[in-house]
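One structure below.
All residue numbers refer to positions in the sequence shown, counting from 1. Values in this document were obtained by computation on a predicted structure and should not be read as measured data. Indexing begins at 1, ligand by ligand and atom by atom, following the structure's order.
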Amino acid sequence: MHALTSLLNALLRIMEADHNRASDSLLILCVVTFLSMTLLLGYLGNVLGKEIKPKLPPSPPQWPVLGNLPHIMRKSAALHTTLRLLGKKLGPIYTLWLGRSFPLVIVTGEETAREAFVDQGHIFSARPTLISWQYISSGYRTTMTTPAGAHWQKLRKIISHHLISPTNLARYIPVRDSEIQKLLERFRDQSRENEGVVHPLQQLRISAVDIIMRIAFGDEFATLDNEGRKGNAVVLDRLFQEIMDAGSIFQIALDSSPLTRTLLFSASRKCYSNIRTIAGQITDLVMPIVMERKRLLKERPLTEVKTFVDSLIMLKGDDALTDMEIVWNVVELMVGATDNTSHILEWIFANMITYPHVQQKAYEEVKRAMGPNLDRGLVQENHIPNLPYIQAIVKESMRRHMMAVLAIPRIASRDCKLRGYDIPKGTMVVLHAGALALNEEIWSDPLEFRPERFLNLDNEATHMHKMAFLPFGVGRRSCPGASMGLLHLHMLLANLIYRFEWGPESPGQPVDFSEKFRMVVTMKSRLRATITERSPV
Ligand code: HEM
């Protein structure tokens, strides 16, 4: 203010002064202007600088221009571990800079997760609009990708009413049972042909895909065109895996930062064109099925809706979805249901082989719950409440080998604070669920596989530490398919343990627990096991 007044006074003096003194005044004016502007800019820089530059959570040392990109771009299998260890060093919330201007905030602490995703859940329920996502979501129109708003609420409602309501889950019991029966037979055949050795993931994926395909598209699809369906299911499953590979953290870094896109122009073009190609192939496979269901519904209207796609086709008015929205919402659910279930079960069986006493205890529990069963009936959904140890094994495996280790990113929908730090609107925030699950201040010996910790209700895993075990994410955007996912995991595990004894590929051979990180953590080397059929009891 003072500088501006001086400038004004000098100007007035020029106007008042006679001609002889004008040049002196002009000189003075120049000096005063220069000094005033310097002071003014310094002052504004200081004041505004403090206002404009928010106090973000701490970050590791940054590279010039690249910020912390080298941390992310290093194609290390253990990126999630690097990020977890950074959390130990920097605290429960820290920033990674993707280039010098794009902050990515990582949450590794219990209280911070609660403050962000529960207490301020309304602010952190938005998703980033990643460029690659538009190709696999009919332009951000699927549950996972769409902005938090009316369309998203509608899609969540559709899932809870038409897919995972108790009535719907009950309707799919025959599908589940027949697919579990087929899985048991496939395992038995594979082991006979292969001197007892089986490939769990391969067989589990077939079941997971078949179950969700039949739920989504129906038995007509399964029986009318058996060969074609099988072909389609296999191709679709391969495409699902390619989509998951495309959605790596590398992809997110690429999508989020214009700098990375520029630096890696050719790699980014290749990535986007890959995703577009895969998306086109998926549309070409799924759209005809949706059209076929539409035709069937028109020809013989059903009094009772039979499949999930039927429910989507029959939505009316404001709830109605376009054909492309139907295709991509169904695909999203299919990917969620197949990839997670099969990989989690692969981790579970790796542990069953490594800890035979756990496997034995689980078998004893299922045997007790089933009672005499000479005709080899399947474990059913109503047995699950009597199988707390099976449930604990599933939980412990999901904790020890958290698959969705970095959940799915959110963004702050407005400026806010977290743990006292500034989080500007639009900042991408990632929950490191894996760091929480392995935090030694919460879990005793967190690297040990010990299902009993989920049976002890006194300390670990109690209500006090709800935020430490988040395999399905948290808050408004948490997984809407959690109950279905858990049900399938319990049913498959219980039946597979009940029917077979699981052992290593060759006697004494330890399981390789190395991890592979894409967007999720899976086993690096495919598990192989030997199975021995148990006698009926
Ligand atoms: C054991 C299996 C599963 C696991 C571990 C899992 C895990 C997750 C996680 C971590 C998220 C992100 C949550 C967040 O941002 O906080 C998520 C979201 C989602 N999952 Fe799952 N999921 C599983 C099964 C399923 C199934 C069976 C379906 C559908 C039938 C499904 C559909 C979805 C959808 C649509 C979203 C996006 C939700 C939204 O953005 O509002 N998931 N899942």
Side-chain angles (χ1 to χ4, degrees), residues 80 107 113-114 116-118 121 124-130 133 136-137 140-149 151-165 168-169 172 176 204 208-209 211-213 215-216 240 244 247 308-309 311-312 325 328-348 391 394-395 397-399 401-411 428-434 436-437 467 469-493 519-522:
H80 60 297
V107 171
R114 189 190 315 279
F117 304 112
V118 179
F124 290 100
S125 54
R127 295 270 191 226
T129 41
L130 297 179
W133 282 2
I136 55 166
S137 63
Y140 310 108
R141 301 293 287 172
T142 63
T143 320
M144 185 190 85
T145 59
T146 206
H151 183 67
W152 168 66
Q153 278 165 352
K154 174 175 92 178
L155 293 173
R156 300 261 327 186
K157 202 174 75 188
I158 290 172
I159 294 176
S160 68
H161 285 190
H162 299 290
L163 187 64
I164 54 157
S165 67
N168 281 301
L169 288 180
Y172 305 134
R176 258 197 327 262
L204 291 163
V209 173
I211 291 177
I212 195 71
M213 292 279 259
I215 291 176
F240 291 166
M244 288 300 288
F308 179 57
V309 164
S311 325
L312 300 188
E325 285 171 359
W328 281 102
N329 274 288
V330 172
V331 168
E332 187 172 279
L333 300 177
M334 291 171 82
V335 175
T338 49
D339 212 63
N340 289 309
T341 317
S342 50
H343 282 288
I344 290 172
L345 278 161
E346 189 183 34
W347 281 118
I348 292 178
Q391 294 182 42
V394 169
K395 282 196 185 121
S397 200
M398 287 202 286
R399 181 199 67 81
H401 311 281
M402 183 67 69
M403 239 191 96
V405 67
L406 300 180
I408 301 174
R410 318 275 185 97
I411 51 165
M428 197 187 293
V429 179
V430 167
L431 166 74
H432 197 320
L436 285 160
M467 301 300 290
F469 178 62
L470 302 174
F472 296 102
V474 59
R476 299 173 187 211
R477 217 86 208 209
S478 65
C479 177
S483 57
M484 184 190 235
L486 278 175
L487 179 64
H488 288 178
L489 290 171
H490 294 149
M491 295 285 288
L492 287 162
L493 173 61
M519 252 320 270
V520 291
V521 178
T522 55

Q) Considering residues at least two apart in sequence or located in another chain, which fulfil the salt bridge (Lys or Arg N to Asp or Glu O under 4.0 Å) criterion with R399? A) E396
Q.
Using the salt bridge (Lys or Arg N to Asp or Glu O under 4.0 Å) criterion, which residues pair with R477? Sequence neighbours excluded.
A. none
So, [X] side chain and [Y] main chain: donor-acceptor pair closer than 3.5 Å or not?
X: T146; Y: T143; value: no
X: H162; Y: I158; value: no
X: N329; Y: R141; value: yes

Which heavy atom in [X] sits nearest to a heavy atom in [Y], and how many Å separate them?
X: P409; Y: P128; result: O-CD, 3.2 Å
X: L333; Y: I212; result: O-CG1, 4.5 Å
X: W328; Y: I136; result: CE3-O, 3.1 Å
X: M144; Y: I408; result: SD-CD1, 3.5 Å

Q: Answer whether the closest heavy-atom distance between the side chains of L406 and H432 falls below 4.5 Å.
A: yes
Q) Does any non-hydrogen side-chain atom of F117 lie less than 4.5 Å from one of L470? A) no
Q. Does R127 approach ligand 1 within less than 4.0 angstrom via side chain, backbone, both or neither, non-hydrogen atoms only?
A. side chain
Q: Look at atom 1 (C) of ligand 1 and find which of T145, I344, T142 reaches it with the closest heavy atom.
A: I344
Considering non-hydrogen atoms of the protein only, which is the closest contact for [atom], and what is the distance?
atom: atom 7 (C) of ligand 1; value: P471 O, 3.6 Å
atom: atom 13 (C) of ligand 1; value: R477 O, 3.3 Å
atom: atom 29 (C) of ligand 1; value: L333 CD2, 3.6 Å
atom: atom 35 (C) of ligand 1; value: E332 OE2, 3.6 Å
atom: atom 30 (C) of ligand 1; value: L163 CD2, 3.5 Å
atom: atom 11 (C) of ligand 1; value: I408 CD1, 3.9 Å
atom: atom 16 (O) of ligand 1; value: R410 NH2, 2.6 Å

Q | side-chain contact (heavy atoms from CB on, under 4.5 Å) against A404, all qualifying residues, sequence neighbours excluded | A | none
Contacting atoms of ligand 1, where contact means under 4.0 angstrom from a heavy atom of [X]:
X: A337; result: 27 (C)
X: L489; result: 1 (C)
X: R156; result: 38 (C), 39 (C), 41 (O)
X: M144; result: 37 (C), 40 (O)

Q. For ligand 1, is W152 a contact, meaning one of its heavy atoms is under 4.0 Å away?
A. yes
Q: Look at ligand 1 and say whether V474 reaches it with a heavy atom at a distance under 4.0 Å.
A: yes
(Q) Angle between ring planes, W347 versus H401, binned at 30° and 60°: parallel, tilted or perpendicular? (A) parallel
Q) Closer than 2.8 Å to atom 21 (Fe) of ligand 1, how many protein N/O/S atoms do you count? A) 1
